[in-house]
Number of protein chains: 2
Amino acid sequence: MQTDPLSAKFAALADPTRRAILARLTQGEASVNELAEPFDMSLPAVSKHLKVLEKAGLISRGKEAQWRPARLEPMALKGVADWLEHYRRYWDASFDRLDAYLKNIQKGDPSGPRN
Amino acid sequence: MQTDPLSAKFAALADPTRRAILARLTQGEASVNELAEPFDMSLPAVSKHLKVLEKAGLISRGKEAQWRPARLEPMALKGVADWLEHYRRYWDASFDRLDAYLKNIQKGDPSGPRN
DNA sequence: AATGCATTTAACCGAACGGTTGACAACGCG
DNA sequence: CGCGTTGTCAACCGTTCGGTTAAATGCATT
(Lines give C-alpha, C1' and ligand atoms only; values in the text may rest on other atoms or scores of the structure.)
Protein backbone atom coordinates (compact mmCIF):
# COMPACT_ATOMS: atom_id res chain seq x y z
CA MET A 1 0.00 0.00 0.00
CA GLN A 2 1.29 3.42 -0.93
CA THR A 3 1.59 6.22 1.59
CA ASP A 4 -0.10 9.03 -0.31
CA PRO A 5 -3.83 9.26 0.34
CA LEU A 6 -4.98 9.25 -3.27
CA SER A 7 -3.04 6.09 -4.07
CA ALA A 8 -4.49 4.44 -0.98
CA LYS A 9 -7.99 5.31 -2.11
CA PHE A 10 -7.52 4.05 -5.65
CA ALA A 11 -5.90 0.88 -4.37
CA ALA A 12 -8.78 0.31 -1.97
CA LEU A 13 -11.27 0.75 -4.79
CA ALA A 14 -9.38 -1.65 -7.08
CA ASP A 15 -11.04 -4.68 -5.52
CA PRO A 16 -14.58 -5.79 -6.37
CA THR A 17 -15.20 -7.14 -2.87
CA ARG A 18 -14.34 -3.79 -1.36
CA ARG A 19 -16.48 -1.91 -3.86
CA ALA A 20 -19.37 -4.24 -3.04
CA ILE A 21 -18.86 -3.46 0.63
CA LEU A 22 -19.04 0.25 -0.10
CA ALA A 23 -22.21 -0.28 -2.13
CA ARG A 24 -23.74 -2.17 0.76
CA LEU A 25 -22.83 0.64 3.15
CA THR A 26 -24.83 3.15 1.15
CA GLN A 27 -27.82 1.34 2.71
CA GLY A 28 -26.49 2.31 6.14
CA GLU A 29 -24.20 0.98 8.84
CA ALA A 30 -23.52 -2.73 8.93
CA SER A 31 -21.70 -5.21 11.14
CA VAL A 32 -18.84 -7.33 9.88
CA ASN A 33 -21.04 -10.41 9.77
CA GLU A 34 -23.68 -8.62 7.75
CA LEU A 35 -21.04 -7.34 5.36
CA ALA A 36 -19.47 -10.76 5.03
CA GLU A 37 -22.71 -12.58 4.33
CA PRO A 38 -22.75 -12.19 0.50
CA PHE A 39 -19.16 -13.32 0.08
CA ASP A 40 -17.69 -16.78 -0.14
CA MET A 41 -14.80 -15.84 2.08
CA SER A 42 -13.75 -16.13 5.70
CA LEU A 43 -14.52 -13.48 8.28
CA PRO A 44 -10.88 -12.45 8.78
CA ALA A 45 -10.67 -11.79 5.05
CA VAL A 46 -13.59 -9.36 5.26
CA SER A 47 -12.04 -7.84 8.35
CA LYS A 48 -8.88 -7.18 6.35
CA HIS A 49 -10.85 -5.57 3.55
CA LEU A 50 -12.49 -3.31 6.09
CA LYS A 51 -9.11 -2.34 7.43
CA VAL A 52 -7.95 -1.40 3.94
CA LEU A 53 -11.04 0.72 3.42
CA GLU A 54 -10.60 2.34 6.80
CA LYS A 55 -6.94 3.19 6.23
CA ALA A 56 -7.94 4.74 2.93
CA GLY A 57 -10.46 6.86 4.83
CA LEU A 58 -13.37 5.48 2.84
CA ILE A 59 -15.15 4.07 5.88
CA SER A 60 -15.07 4.56 9.62
CA ARG A 61 -15.78 2.05 12.36
CA GLY A 62 -17.96 2.28 15.44
CA LYS A 63 -18.06 0.27 18.64
CA GLU A 64 -21.29 -1.04 20.07
CA ALA A 65 -20.80 -3.90 22.52
CA GLN A 66 -19.06 -6.66 20.55
CA TRP A 67 -20.11 -5.16 17.25
CA ARG A 68 -17.86 -2.86 15.26
CA PRO A 69 -20.18 -1.42 12.64
CA ALA A 70 -18.77 0.17 9.52
CA ARG A 71 -20.17 3.26 7.89
CA LEU A 72 -19.44 5.12 4.70
CA GLU A 73 -17.10 8.13 4.84
CA PRO A 74 -18.16 9.76 1.61
CA MET A 75 -15.94 12.82 1.61
CA ALA A 76 -13.03 10.50 0.83
CA LEU A 77 -14.77 9.54 -2.39
CA LYS A 78 -15.16 13.21 -3.14
CA GLY A 79 -11.38 13.46 -3.04
CA VAL A 80 -11.20 10.88 -5.80
CA ALA A 81 -13.89 12.66 -7.79
CA ASP A 82 -11.98 15.92 -7.52
CA TRP A 83 -8.89 14.30 -8.98
CA LEU A 84 -10.92 12.89 -11.85
CA GLU A 85 -12.48 16.25 -12.48
CA HIS A 86 -9.15 17.52 -13.87
CA TYR A 87 -9.64 15.10 -16.75
CA ARG A 88 -13.27 15.81 -17.45
CA ARG A 89 -12.39 18.19 -20.27
CA TYR A 90 -10.69 15.33 -22.09
CA TRP A 91 -13.87 13.31 -22.41
CA ASP A 92 -16.75 15.70 -21.93
CA ALA A 93 -17.68 17.51 -25.14
CA SER A 94 -19.72 20.23 -23.46
CA PHE A 95 -16.80 20.90 -21.15
CA ASP A 96 -14.58 21.18 -24.24
CA ARG A 97 -16.68 23.99 -25.61
CA LEU A 98 -16.66 25.81 -22.29
CA ASP A 99 -12.92 25.28 -22.06
CA ALA A 100 -12.36 26.72 -25.51
CA TYR A 101 -14.49 29.69 -24.61
CA LEU A 102 -12.60 30.33 -21.41
CA LYS A 103 -9.26 30.07 -23.19
CA ASN A 104 -10.38 32.58 -25.78
CA ILE A 105 -11.60 35.21 -23.36
CA GLN A 106 -8.40 34.76 -21.43
CA LYS A 107 -6.53 35.66 -24.59
CA GLY A 108 -8.37 38.96 -24.50
CA ASP A 109 -10.96 38.30 -27.17
CA PRO A 110 -14.07 39.96 -25.83
CA SER A 111 -16.38 38.44 -28.45
CA GLY A 112 -15.97 34.87 -27.39
CA PRO A 113 -14.57 31.78 -29.11
CA ARG A 114 -12.74 32.29 -32.35
CA ASN A 115 -12.27 29.23 -34.56
CA MET B 1 -4.31 -7.53 -11.84
CA GLN B 2 -8.03 -8.23 -11.75
CA THR B 3 -9.98 -9.20 -14.82
CA ASP B 4 -12.90 -6.82 -14.50
CA PRO B 5 -12.31 -3.52 -16.27
CA LEU B 6 -13.18 -1.22 -13.39
CA SER B 7 -10.77 -2.96 -11.04
CA ALA B 8 -8.06 -2.74 -13.69
CA LYS B 9 -8.64 0.99 -14.00
CA PHE B 10 -8.59 1.66 -10.28
CA ALA B 11 -5.48 -0.49 -9.89
CA ALA B 12 -3.78 1.39 -12.69
CA LEU B 13 -4.61 4.71 -11.04
CA ALA B 14 -3.34 3.56 -7.65
CA ASP B 15 0.25 4.43 -8.51
CA PRO B 16 1.62 7.98 -8.45
CA THR B 17 4.02 7.32 -11.31
CA ARG B 18 1.17 6.19 -13.53
CA ARG B 19 -0.99 9.16 -12.55
CA ALA B 20 1.92 11.46 -13.37
CA ILE B 21 2.21 9.80 -16.77
CA LEU B 22 -1.47 10.43 -17.41
CA ALA B 23 -1.05 14.05 -16.37
CA ARG B 24 1.84 14.39 -18.79
CA LEU B 25 -0.25 12.91 -21.58
CA THR B 26 -2.87 15.64 -21.23
CA GLN B 27 -0.20 17.79 -22.92
CA GLY B 28 -0.30 15.45 -25.90
CA GLU B 29 1.35 12.29 -27.19
CA ALA B 30 4.75 11.39 -25.84
CA SER B 31 7.42 8.78 -26.44
CA VAL B 32 8.60 6.40 -23.74
CA ASN B 33 11.81 8.34 -23.31
CA GLU B 34 9.96 11.60 -22.87
CA LEU B 35 7.62 10.01 -20.38
CA ALA B 36 10.49 8.45 -18.45
CA GLU B 37 12.51 11.64 -18.20
CA PRO B 38 11.02 13.00 -14.93
CA PHE B 39 11.36 9.70 -13.08
CA ASP B 40 14.31 8.22 -11.26
CA MET B 41 13.64 4.82 -12.70
CA SER B 42 14.80 2.58 -15.50
CA LEU B 43 13.21 2.56 -18.93
CA PRO B 44 11.79 -0.95 -18.61
CA ALA B 45 10.02 0.14 -15.45
CA VAL B 46 8.28 2.94 -17.34
CA SER B 47 7.49 0.52 -20.14
CA LYS B 48 5.77 -1.73 -17.62
CA HIS B 49 3.74 1.16 -16.26
CA LEU B 50 2.63 1.97 -19.78
CA LYS B 51 1.57 -1.61 -20.29
CA VAL B 52 -0.55 -1.48 -17.14
CA LEU B 53 -2.18 1.75 -18.30
CA GLU B 54 -2.77 0.28 -21.75
CA LYS B 55 -4.34 -2.92 -20.43
CA ALA B 56 -6.62 -0.78 -18.29
CA GLY B 57 -7.62 1.08 -21.45
CA LEU B 58 -6.45 4.40 -20.06
CA ILE B 59 -3.93 4.98 -22.85
CA SER B 60 -3.29 3.66 -26.34
CA ARG B 61 -0.03 3.25 -28.17
CA GLY B 62 1.00 4.28 -31.66
CA LYS B 63 3.82 3.18 -33.90
CA GLU B 64 6.02 5.66 -35.74
CA ALA B 65 9.35 4.20 -36.82
CA GLN B 66 11.10 3.10 -33.63
CA TRP B 67 8.87 5.26 -31.45
CA ARG B 68 5.75 3.95 -29.77
CA PRO B 69 4.04 7.10 -28.59
CA ALA B 70 1.40 6.92 -25.90
CA ARG B 71 -1.75 8.97 -25.89
CA LEU B 72 -4.57 9.48 -23.43
CA GLU B 73 -7.74 7.41 -23.87
CA PRO B 74 -10.04 9.59 -21.84
CA MET B 75 -13.29 7.68 -22.20
CA ALA B 76 -11.82 5.06 -19.88
CA LEU B 77 -11.59 7.71 -17.19
CA LYS B 78 -15.21 8.54 -17.86
CA GLY B 79 -16.03 4.96 -16.90
CA VAL B 80 -14.44 5.57 -13.52
CA ALA B 81 -16.26 8.87 -13.14
CA ASP B 82 -19.56 7.17 -13.90
CA TRP B 83 -18.97 4.64 -11.13
CA LEU B 84 -18.14 7.43 -8.71
CA GLU B 85 -21.24 9.33 -9.71
CA HIS B 86 -23.39 6.75 -7.89
CA TYR B 87 -21.88 8.00 -4.66
CA ARG B 88 -22.13 11.71 -5.33
CA ARG B 89 -25.35 11.99 -3.36
CA TYR B 90 -23.48 10.81 -0.28
CA TRP B 91 -21.11 13.75 -0.25
CA ASP B 92 -22.76 16.48 -2.29
CA ALA B 93 -24.38 19.15 -0.16
CA SER B 94 -27.36 19.39 -2.46
CA PHE B 95 -28.21 15.85 -1.41
CA ASP B 96 -27.86 16.51 2.30
CA ARG B 97 -31.58 16.46 2.97
CA LEU B 98 -32.04 13.18 1.14
CA ASP B 99 -29.12 11.76 3.07
CA ALA B 100 -30.63 12.79 6.40
CA TYR B 101 -33.86 11.14 5.35
CA LEU B 102 -32.11 7.91 4.48
CA LYS B 103 -30.27 7.86 7.78
CA ASN B 104 -33.54 8.28 9.65
CA ILE B 105 -35.33 5.44 7.95
CA GLN B 106 -32.29 3.27 8.54
CA LYS B 107 -32.63 3.85 12.28
CA GLY B 108 -36.01 2.19 12.13
CA ASP B 109 -38.34 5.11 11.52
CA PRO B 110 -41.58 3.20 10.82
CA SER B 111 -42.71 5.77 8.27
CA GLY B 112 -40.05 4.69 5.81
CA PRO B 113 -38.93 1.51 4.05
CA ARG B 114 -37.03 -1.05 6.06
CA ASN B 115 -33.60 -2.47 5.27
C1' DA C 1 26.28 -4.36 -43.66
C1' DA C 2 27.23 -2.05 -39.45
C1' DT C 3 26.04 1.28 -36.11
C1' DG C 4 23.05 3.56 -33.12
C1' DC C 5 18.78 4.82 -30.98
C1' DA C 6 14.14 3.48 -28.87
C1' DT C 7 11.78 0.14 -26.77
C1' DT C 8 10.51 -4.40 -25.15
C1' DT C 9 11.42 -9.07 -23.26
C1' DA C 10 13.30 -12.23 -19.86
C1' DA C 11 14.86 -13.48 -15.58
C1' DC C 12 15.14 -12.28 -11.15
C1' DC C 13 14.26 -10.02 -6.47
C1' DG C 14 11.94 -8.32 -2.22
C1' DA C 15 7.67 -6.51 -0.57
C1' DA C 16 2.77 -6.27 -0.53
C1' DC C 17 -1.80 -8.53 -1.52
C1' DG C 18 -5.58 -11.58 -0.72
C1' DG C 19 -6.72 -15.42 1.17
C1' DT C 20 -6.56 -19.35 4.77
C1' DT C 21 -6.65 -21.57 9.67
C1' DG C 22 -6.24 -21.38 14.60
C1' DA C 23 -5.98 -18.91 18.73
C1' DC C 24 -7.50 -15.10 21.36
C1' DA C 25 -10.08 -10.95 23.16
C1' DA C 26 -14.30 -8.42 24.33
C1' DC C 27 -18.85 -8.27 25.40
C1' DG C 28 -23.91 -9.71 26.88
C1' DC C 29 -26.47 -13.01 29.13
C1' DG C 30 -28.11 -17.26 31.59
C1' DC D 1 -18.85 -17.75 36.48
C1' DG D 2 -19.27 -20.00 32.14
C1' DC D 3 -20.95 -19.71 27.44
C1' DG D 4 -22.00 -18.22 22.91
C1' DT D 5 -21.41 -14.48 19.71
C1' DT D 6 -18.58 -11.09 17.31
C1' DG D 7 -14.52 -9.69 15.64
C1' DT D 8 -9.45 -9.33 15.42
C1' DC D 9 -4.60 -11.09 15.63
C1' DA D 10 -0.83 -14.05 14.16
C1' DA D 11 1.29 -17.00 11.26
C1' DC D 12 1.51 -18.87 7.01
C1' DC D 13 0.97 -19.50 1.79
C1' DG D 14 0.89 -18.62 -3.19
C1' DT D 15 0.49 -14.73 -6.43
C1' DT D 16 1.06 -10.17 -8.01
C1' DC D 17 3.55 -5.74 -7.99
C1' DG D 18 7.19 -2.61 -8.84
C1' DG D 19 11.56 -2.42 -9.58
C1' DT D 20 16.32 -4.03 -11.37
C1' DT D 21 19.91 -5.66 -15.06
C1' DA D 22 21.10 -7.90 -19.32
C1' DA D 23 19.86 -9.28 -23.68
C1' DA D 24 16.99 -8.95 -27.77
C1' DT D 25 14.08 -6.51 -31.24
C1' DG D 26 12.83 -2.94 -34.69
C1' DC D 27 13.91 0.70 -37.36
C1' DA D 28 16.86 4.65 -39.69
C1' DT D 29 21.14 6.21 -41.10
C1' DT D 30 25.52 5.85 -42.98
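These numbers come from the heavy atoms of this one structure, side chains and all, not from hydrogens, waters or symmetry mates. We name chains A, B, ... by the order of the sequence lines, and we start the count at 1 in each one.
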Next on the checklist: Any side-chain N or O of B:Lys63 below 4.0 angstrom from OP1/OP2 of C:dT7?
Outcome noted: no
Checklist entry - Is it true that a side-chain atom of B:Arg61 and a backbone atom of B:Arg68 form a donor plus acceptor pair closer than 3.5 Å? => result yes
Checklist entry - What are the two closest non-hydrogen atoms of A:Val80 and A:Phe10, and how far apart are they? => result CG1-CE2, 3.7 Å
Checklist outcome for this item: In whole angstroms, the gap separating C1' of D:dT16 from NZ of B:Lys51 amounts to 15 Å
Next on the checklist: Using a 3.5 Å distance criterion without hydrogens, assess whether the side chain of B:Arg18 forms a donor-acceptor pair with backbone atoms of B:Ala12.
Outcome noted: yes
Checklist entry - What is the distance from CE of A:Met41 to C1' of C:dT20, rounded to the nearest Å? => result 11 Å
Item to check | Integer-rounded Å distance: D:dC27 C1' and B:Asn33 CG | outcome: 15 Å
Next on the checklist: Considering every strand and a 4.0 Å limit on heavy-atom distances, what is the contact class for B:Ala45: base, sugar-phosphate, or nothing?
Outcome noted: base
Checklist entry - Taking only N and O in the side chain of B:Arg61, is any of them less than 4.0 Å away from OP1 or OP2 of C:dT7? => result no
Checklist entry - Rounding to a whole Å, what distance do you find between B:Lys48:NZ and D:dA22:C1'? => result 13 Å
Checklist entry - What integer distance in Å separates B:His49:NE2 from D:dC17:P? => result 12 Å
Item to check | Paired and unpaired positions of DNA chain D as dot-bracket, Watson-Crick or G-U wobble under 3.5 Å, | denoting a partner strand | outcome: ||||||||||||||||||||||||||||||
Checklist entry - B:Pro44 side chain: which of D:dA22, D:dG19, C:dC27 is closest? => result D:dA22
Item to check | Per B:Gln66 side chain, nearest of listed nucleotides D:dG7, D:dC27, C:dG18 | outcome: D:dC27
Checklist outcome for this item: Between CG of A:Leu53 and P of C:dG18 the distance, given in whole Å, is 10 Å
Checklist entry - How long is the line joining CH2 of A:Trp67 and P of D:dT8, in whole Å? => result 14 Å
Checklist entry - What closest approach, in Å, do A:Leu22 and B:Tyr87 show between heavy atoms, and which atom pair accounts for it? => result C-OH, 3.8 Å
Item to check | Spacing of B:Glu29 atom CD relative to C:dT7 atom P, expressed in whole Å | outcome: 12 Å
Item to check | Side-chain donor or acceptor of B:Glu34 paired with backbone N/O of B:Ser31 under 3.5 Å | outcome: yes
Item to check | Main-chain N/O of A:Leu13 paired with A:Arg19 side-chain donor or acceptor, under 3.5 Å | outcome: yes
Item to check | Nucleotide nearest A:Arg68 when distance is taken to its side chain, options D:dT8, C:dT7, D:dA28 | outcome: D:dT8
Checklist entry - Do B:Glu85 and B:Arg88 meet the salt-bridge criterion of a basic N to acidic O distance under 4.0 Å? => result yes
Checklist entry - Between A:Ala65 and A:Thr17, who's closer to the 5' end of DNA chain C by nearest nucleotide? => result A:Thr17
Checklist entry - Any side-chain N or O of A:Ser47 less than 4.0 Å from the OP1 or OP2 oxygen of D:dT8? => result yes
